[in-house]
Number of protein chains: 2
Amino acid sequence: MPSATRRGSPPSPPASGPAAPTLKKVAEAAGVHLSTVSRALNPETRHLVAEAATARVLAEAARLGYRPDAAAAALRTGRSRLIGALVPGIANPVFAPILAGAEAVLAGRGYALLVADPGDDPARAVTLADEMASRRVDGLLLATAAGHDDPVVSRCLARGTPVVLINRTEAEARAPAVVSDDQEGLRLAIEHLVALGHRRIGHIAGPPNLSTGALRRRGFEAAMAAHGLDASAIAPATAYSRPAGAAAARQLRAGHPGLTALACANDLLALGTYDVLAEAGLRVPDDVSVTGHNDMPMMDMVAPPLTTVRIGHAEMGREAAHLLLRALDDRTTPPTRGTAVLLRPTLVIRASSAPPR
Amino acid sequence: MPSATRRGSPPSPPASGPAAPTLKKVAEAAGVHLSTVSRALNPETRHLVAEAATARVLAEAARLGYRPDAAAAALRTGRSRLIGALVPGIANPVFAPILAGAEAVLAGRGYALLVADPGDDPARAVTLADEMASRRVDGLLLATAAGHDDPVVSRCLARGTPVVLINRTEAEARAPAVVSDDQEGLRLAIEHLVALGHRRIGHIAGPPNLSTGALRRRGFEAAMAAHGLDASAIAPATAYSRPAGAAAARQLRAGHPGLTALACANDLLALGTYDVLAEAGLRVPDDVSVTGHNDMPMMDMVAPPLTTVRIGHAEMGREAAHLLLRALDDRTTPPTRGTAVLLRPTLVIRASSAPPR
DNA sequence: CACAGGACTACAAACGTTTGTACAAACGAT
DNA sequence: ATCGTTTGTACAAACGTTTGTAGTCCTGTG
């Protein structure tokens, strides 16, 4: 048979590997037209080609190591099988598992994940979203939404790009979101503290422009009210960080002496709170109980192990990916605006909470 | 009959936003040919077009919100401006910052990051690498290399895809790598322990098929030998995890009673070691000193705060990205096989190490 | 025996770029 | 006035797919 001498010296001196085989090459090798190869290779259209031809095509494609050119396919079909993800801090222990979860389900459906990290800069987020639009992503996963009407969401809506919000949502939800039930999260924490006997409880809140900050605060206020307790001891942190938590805790303690428990909107804020309590010579949980939110990795190893609200970060990413895939599969129905998937948080009780003395 | 009526109604996707403007649209709006628009938009070729025309083109492009179609450009040029990253565990605190660092420098140069997570499954890594090849990535960042000749590296070499190894390297380095100086890392730990007065020191090693595991062990042995100490107290863990660390520590203590210090190849292994020491009723550092490696987040908050070897993960990612960009800019010179960039680790002394009693 | 219809396959036209080449003015120098 | 240059623009050909349409060759039937 015409098995050419494939042992020739590399024809391309400039170090570039052998030209990747195309449909045309496979077609020649299999003795059919390139369009037939295309159909034979695609399970959806395979029924249009004779079994013998399909077999030959499959064999030759495998032998040559054919890989379809995604760019060409994207150009022709208008779909890139690319999903963009905008995350404020890839390495952040909150967002990393979200990304991992999303990647897992997207990869299973043949989509690839394009990640970019605008940090907390909305302008940068817009730039990166435009870049993703340029790459014709089929959909967007947004973990950076903030404020009332996030500019990135606006652009996606205008462009018709499906978008799913993760972890944070807009004040006026214009796009589907999957978030933990933030109010419920703080309710769990407060119920626990109240059950332990605490009455004078303060809240280290998150940034008020983030939905997590605003909703957890609301959850705190509602839970306290439900027990007829004073919910005025609140200090908002300027960011979800340990120093910001410390600053807020300092401020809260100054304005509200005698608090026996501090419920924090975030684990890092709780760690910052640990710091100022230690400074003040107070012991956790003997003098003051502290709770966190998120159950970040290692929260079982800090001293004392932190009582905190666990949220399923990986599940959040998975769920968001599913939502996006659903929208992609069924592009006829409109985005069903504010549909939010609320994930149930759970309380993990460790050693940072105890009855007041 | 030149223009046959083969204009089957366009499969216009329902509810899709207005069709994105193309070069042609901009050209019509600006009253020039589309090729002129292309050149005017590209800073490299802009000098070929009259200033007046350039101005008109720029204005119209901005007005229409033109965004080049990356797929079309990729098809034409053969370059996708996409970089693939294969990472064993996106959410892993070791790899997440690497990814973040790489993303930052790549984005600065107009490249986007395609991330995939094969976990520890080499077959899956190959599949995902092929997928990336299909997407015609311009280069690959590999954090999954293992063993003697990693199959993914082999394929990249065969295909001529530039690849840079991160954190782990191959036994026989066939591709450039950027890694921390793993031997030096363990030397630092041992020097510290010896300076404190320890003589009977054990090593909880990493998986021997990973370069980090093998090299850190070698560093342990060399440093011990340099002090004329016995380096035989070694137990390799089967994975970089807390339970695997615990298992190895248990085994090591069984075979070598009386060790006063345990140098671990990884922070998680150190935490597992904490667990078995606590089980045995021993206190860190009073009874046994423990050191880790990596300085993962939160290692300053565990009890006791862990003395560990810090490596610049983000810098690693950045450095790898730079290396890859260099290779992309200058595709003539061959890959310069085993060039490894060695990052200097530093020792962070905390409270898990103290003089032996 | 003609012919309808089914089963395959080939043809060709896009998709939106980049880029080599050809053409057309405009201009100065001979 | 002729001729090179220079400068700016237009033309057209790819890149590798997907997919509508038009054959072609059968096989079975009226």
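The structure displayed is predicted, hence computed values, not measured ones. Letters A, B, ... are given to chains in the order of the sequence lines, protein chains preceding strands, and every chain is numbered from 1.
- Side-chain N or O atoms of A:Arg109 include none that pairs as donor or acceptor with a backbone N or O of A:His322 at under 3.5 Å.
- If you check every strand for non-hydrogen atoms under 4.0 Å, B:Ser35 touches a base.
- The side chain of A:Ala72 lies closest to D:dT17 when the candidates are D:dT17, C:dA12, D:dT9.
- Remark: side-chain polar atoms of A:Glu170 are paired, donor with acceptor, to backbone N or O of A:Asp150 under 3.5 angstrom.
- Computed from coordinates, the B:Lys25 NZ to C:dG16 P distance equals 9 Å when rounded to whole Å.
- Positionally, the nearest nucleotide of DNA chain D for B:Ala50 lies more toward the 5' end than for the other of A:Asp69 and B:Ala50.
- Inspection of the B:Arg174 and B:Ser154 side chains reveals an N or O donor paired with an N or O acceptor under 3.5 Å.
- A:Leu23 has its CG atom 15 Å from the C1' atom of C:dT9, to the nearest Å.
- For A:Thr36 against C:dC8, a side-chain-to-base donor-acceptor contact under 3.5 Å is absent.
- Nucleic acid contact class of A:Ser38 (heavy atoms, under 4.0 Å, all strands): base.
- No option in A:Leu325, A:Leu140, A:Leu114, A:Leu324 other than A:Leu324 meets the side chain to side chain contact (heavy atoms under 4.5 Å, CB included) test with A:Ile83.
- In this structure, A:Arg67 places its CZ atom 21 Å from P of D:dC15, rounding to the nearest Å.
- Rounded to whole Å, atom P of D:dT19 lies 8 Å from atom CG of A:Asn42.
- Nearest to the side chain of B:Ala73, among C:dT17, D:dG16, D:dA12, sits C:dT17.
- A straight line from CZ of A:Arg56 to P of C:dC8 spans 13 Å, rounded to a whole angstrom.
- Distances from the side chain of A:Arg39 to the nucleotides C:dA12, D:dG20, D:dA10 place D:dG20 closest.
- Nucleotide D:dT17 holds its P atom 14 Å from the CZ atom of B:Arg135, rounded to whole Å.
- Following rounding to the nearest Å, B:Leu48 (CG) and C:dG20 (C1') show an atom-to-atom distance of 12 Å.
- Screening A:Val153, A:Thr169, A:Asn167, A:Ile166 for a side chain to side chain contact (heavy atoms under 4.5 Å, CB included) with A:Leu142, the sole residue that qualifies is A:Val153.
- For B:His33 and C:dT19, the NE2 to P distance is 16 Å, given to the nearest whole Å.
- B:Ala53 comes within 4.0 angstrom of the backbone, heavy atoms only, and of no base.
- Side-chain proximity of B:Leu75 to D:dG16, C:dA12, C:dT9: nearest is D:dG16.
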